[in-house]
Amino acid sequence: MFAQAAELLWGLFVLLCHGGTMLSAYNRLNALGFPRRWLKRIGKLMFLWTVLMPPIALAILGPERLTPTGNVPLHQWLFSHSSGPPIGVAIYIVSVVVIGVTQLVPWLLYRPIFGYRRAASKRQIRVLHRSDLSNRPLARTRKCRILAKVPGNQMFDLAIESIELPIAGLPDHLDGYRLAQFSDVHFTGHVDPEMTRRVVELARQWEPSAMVCTGDIIDHADCLPWIETAFGKAAAPDGCYYILGNHDKRISDPEETRERLNALGWIDAGGRCVAANLGGVPSWIIGNEAPWFGRPAAVPQDERFRLLLSHSPDQIAWARKWNCPLMLAGHTHGGQGRLPLLGPLLSPSKYGSRFAGGDFDFPPTTMHVNRGLSGTHLLRLRCRPELSLLTLRHAKA
């Protein structure tokens, strides 16, 4: 009885390590700047490998060659040609177990429930449901209408998150500065632009001093005319700034997105440092669109306050290198879904799901990651779209 239980636990442990390793690889694959067609092909192959490899191995080799039996030490069983698995399978088992074990501790450490390296922000959340956002339907396609009705799907439940964000070294005149951020608009044709227009309206009603959008605006060129509808009423005394993201490369000429936003008065910070005046404080608005577009070769290290807009949180090391006190990012969609206690699993980041959403403290940089408004995947489970209303505060020593 004990031996059978041990064999079952071993099999479950290896399966868990196999799935965790492939999930980790998938997250990091989607953080790369590879062409979309290759990412989709590789992703599909990884999914098939994850799902089909265990039952195929079990069918071909049988349970007796995939689980240790008797009193034979594990390492001897693994590399025994007579009773253990073939050498290739043995190497794979050892690899996924090593990867799984070495990644488990940091993965657990960065779960949101533990608060490790999280900024000591204060947050108030107000939720607007579909009927609060618009009197007309927000789902434009049959697919979207069907998925919107899936129990637990929060794709049309907007979280307006009022956040007091502590910033180390914040200039005195910026204590209390109000900054509105939204991200990942994803005009795919499925969700009506009325949702984004309403978000911009809500942001403007809060009367921020500046407004920013951190990328992924257009997925289909047919939706380019939506930009004026959605972004046209944005206004803030110190300016409205934007950068582009990886999905903005899905149309043949991303420069048309920039041209339309520029014509509406939005300021393009992509790949450059824009001189600005935030609350009377000379500042740099820095746009990092890497690895899909560009980022500045260098950031001036003068007395100006440095605000970094980055589509991906993966640029956190770059932000710290150039002494940016504040970094605003998106891209990860909060993980698209969050498990109770464990939080997100999926996240297109080289850090896995560590920076799927929230506020992080990595001196000299404080980073806020917005969960975005929409996406190509029309399911959000325990992961509402987010409008961030940020009030900057001095960090306590």
Side-chain angles (χ1 to χ4, degrees), residues 178-188 193 195-204 206 208-221 223-251 253-278 283-296 306-313 315 319 324 326-333 367-375 385-390:
R178 292 155 72 97
L179 183 62
Q181 181 205 7
F182 59 93
S183 190
D184 297 85
V185 174
H186 288 286
F187 287 155
T188 62
M195 180 168 179
T196 303
R197 188 204 67 77
R198 181 75 169 116
V199 166
V200 170
E201 178 184 55
L202 290 165
R204 185 175 177 176
W206 186 61
S209 295
M211 192 181 302
V212 302
C213 176
T214 44
D216 273 2
I217 298 166
I218 296 290
D219 282 71
H220 295 291
C223 298
L224 279 166
W226 293 7
I227 290 177
E228 184 174 2
T229 301
F231 288 79
K233 299 297 184 181
D238 294 340
C240 299
Y241 301 86
Y242 76 91
I243 58 174
L244 299 186
N246 54 307
H247 281 244
D248 294 302
K249 294 192 74 173
R250 294 188 175 188
I251 65 173
D253 185 10
E255 291 305 310
E256 189 171 353
T257 303
R258 298 188 197 271
E259 291 170 3
R260 288 175 179 260
L261 283 166
N262 295 346
L264 296 172
W266 283 77
I267 301 169
D268 181 9
R272 59 199 184 104
C273 302
V274 179
N277 191 300
L278 303 181
S283 305
W284 292 110
I285 309 294
I286 305 153
N288 186 329
E289 300 171 329
W292 305 283
F293 295 98
R295 66 186 183 189
R306 290 174 290 279
L307 167 59
L308 174 63
L309 308 182
S310 173
H311 180 58
S312 170
Q315 300 302 312
C324 298
L326 177 58
M327 171 178 168
L328 304 180
H331 182 56
T332 49
H333 295 205
M367 177 173 66
H368 171 71
V369 183
N370 180 282
R371 295 191 301 274
L373 297 181
S374 190
E386 177 181 1
L387 167 61
S388 302
L389 305 178
L390 305 168

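Excluded from the calculations below are hydrogen atoms, water molecules and symmetry mates; all remaining heavy atoms, backbone and side chain alike, are included.
At a threshold of 4.5 Å between non-hydrogen side-chain atoms, the residues Arg197 and Lys233 do not count as touching. Counting heavy atoms from C-beta outward, Cys213 and Trp266 have side chains that approach closer than 4.5 Å. You'll find the side chain of Leu309 reaches within 4.5 Å of the side chain of Tyr241, heavy atoms only. A heavy-atom distance below 4.5 Å is found between the side chains of Pro313 and Met367. In this structure, Ile286 and Cys324 have side chains that are in contact, with non-hydrogen atoms separated by less than 4.5 Å. Residues Leu308 and Asn288 form a side-chain contact, since some pair of their non-hydrogen atoms from C-beta on lies under 4.5 Å apart.
Listed for the Gln181 side chain is no donor-acceptor partner under 3.5 Å among the backbone atoms of Val212.
Between the CG atom in Asn370 and the CG atom in Leu387 there is a gap of 7.5 Å [rounded to 0.5 Å]. The distance from atom CD1 of Ile218 to atom NE2 of His247, rounded to the nearest 0.5 Å, is 12.5 Å. With rounding to the nearest 0.5 angstrom, the OG1 atom of Thr214 is 6.5 Å from the CG atom of Asp184. Here the CD1 atom belonging to Ile267 is positioned 7.5 Å from the SG atom belonging to Cys240, to the nearest 0.5 angstrom. To the nearest 0.5 Å, the span separating CZ on Arg295 from SG on Cys273 amounts to 12.0 Å.
For Phe182 and Tyr242, the ring centers sit 6.0 Å or farther from each other. With ring centers used as reference points, His333 lies under 6.0 Å from His186. Aromatic pair His331/Trp292: ring centres closer than 6.0 Å.
Salt bridge absent: Arg204 and Glu201 never bring a charged side-chain N and a carboxylate O closer than 4.0 Å.
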- side chain to side chain contact (heavy atoms under 4.5 Å, CB included) between Leu328 and Leu307, intermediate numbers included: CA-CA 8 Å; Leu328 304 180; Leu307 167 59; 4.1 Å; yes
- Given the rule in the side chain to side chain contact (heavy atoms under 4.5 Å, CB included) test, do Leu389 and Arg178 qualify, once you have shown the distances and angles that lead to the verdict? CA-CA 7 Å; Leu389 305 178; Arg178 292 155 72 97; over 6 Å; no
- Task: Apply side chain to side chain contact (heavy atoms under 4.5 Å, CB included) to Phe231 and Val185, showing your working.
- Result: CA-CA 11 Å; Phe231 288 79; Val185 174; 4.0 Å; yes
- Task: Dump the intermediate steps for salt bridge (Lys or Arg N to Asp or Glu O under 4.0 Å) on Lys249 and Glu255, then the final yes or no.
- Result: CA-CA 10 Å; Lys249 294 192 74 173; Glu255 291 305 310; over 6 Å; no
- Task: Check the pair Leu179 / Leu326 against side chain to side chain contact (heavy atoms under 4.5 Å, CB included), numbers first and verdict last.
- Result: CA-CA 12 Å; Leu179 183 62; Leu326 177 58; 4.2 Å; yes
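A cation-pi arrangement is absent between Arg250 and Phe187, since the terminal nitrogen or guanidinium carbon is not both under 6.0 Å from the aromatic centre and inside a 45° cone about the axis.
Taking each heavy atom of Arg258 and Gly270 in turn, the nearest pair found is NH1-CA, 4.1 Å.
Side-chain contact, Thr257 with Asp248: no donor N or O sits under 3.5 Å from an acceptor N or O.
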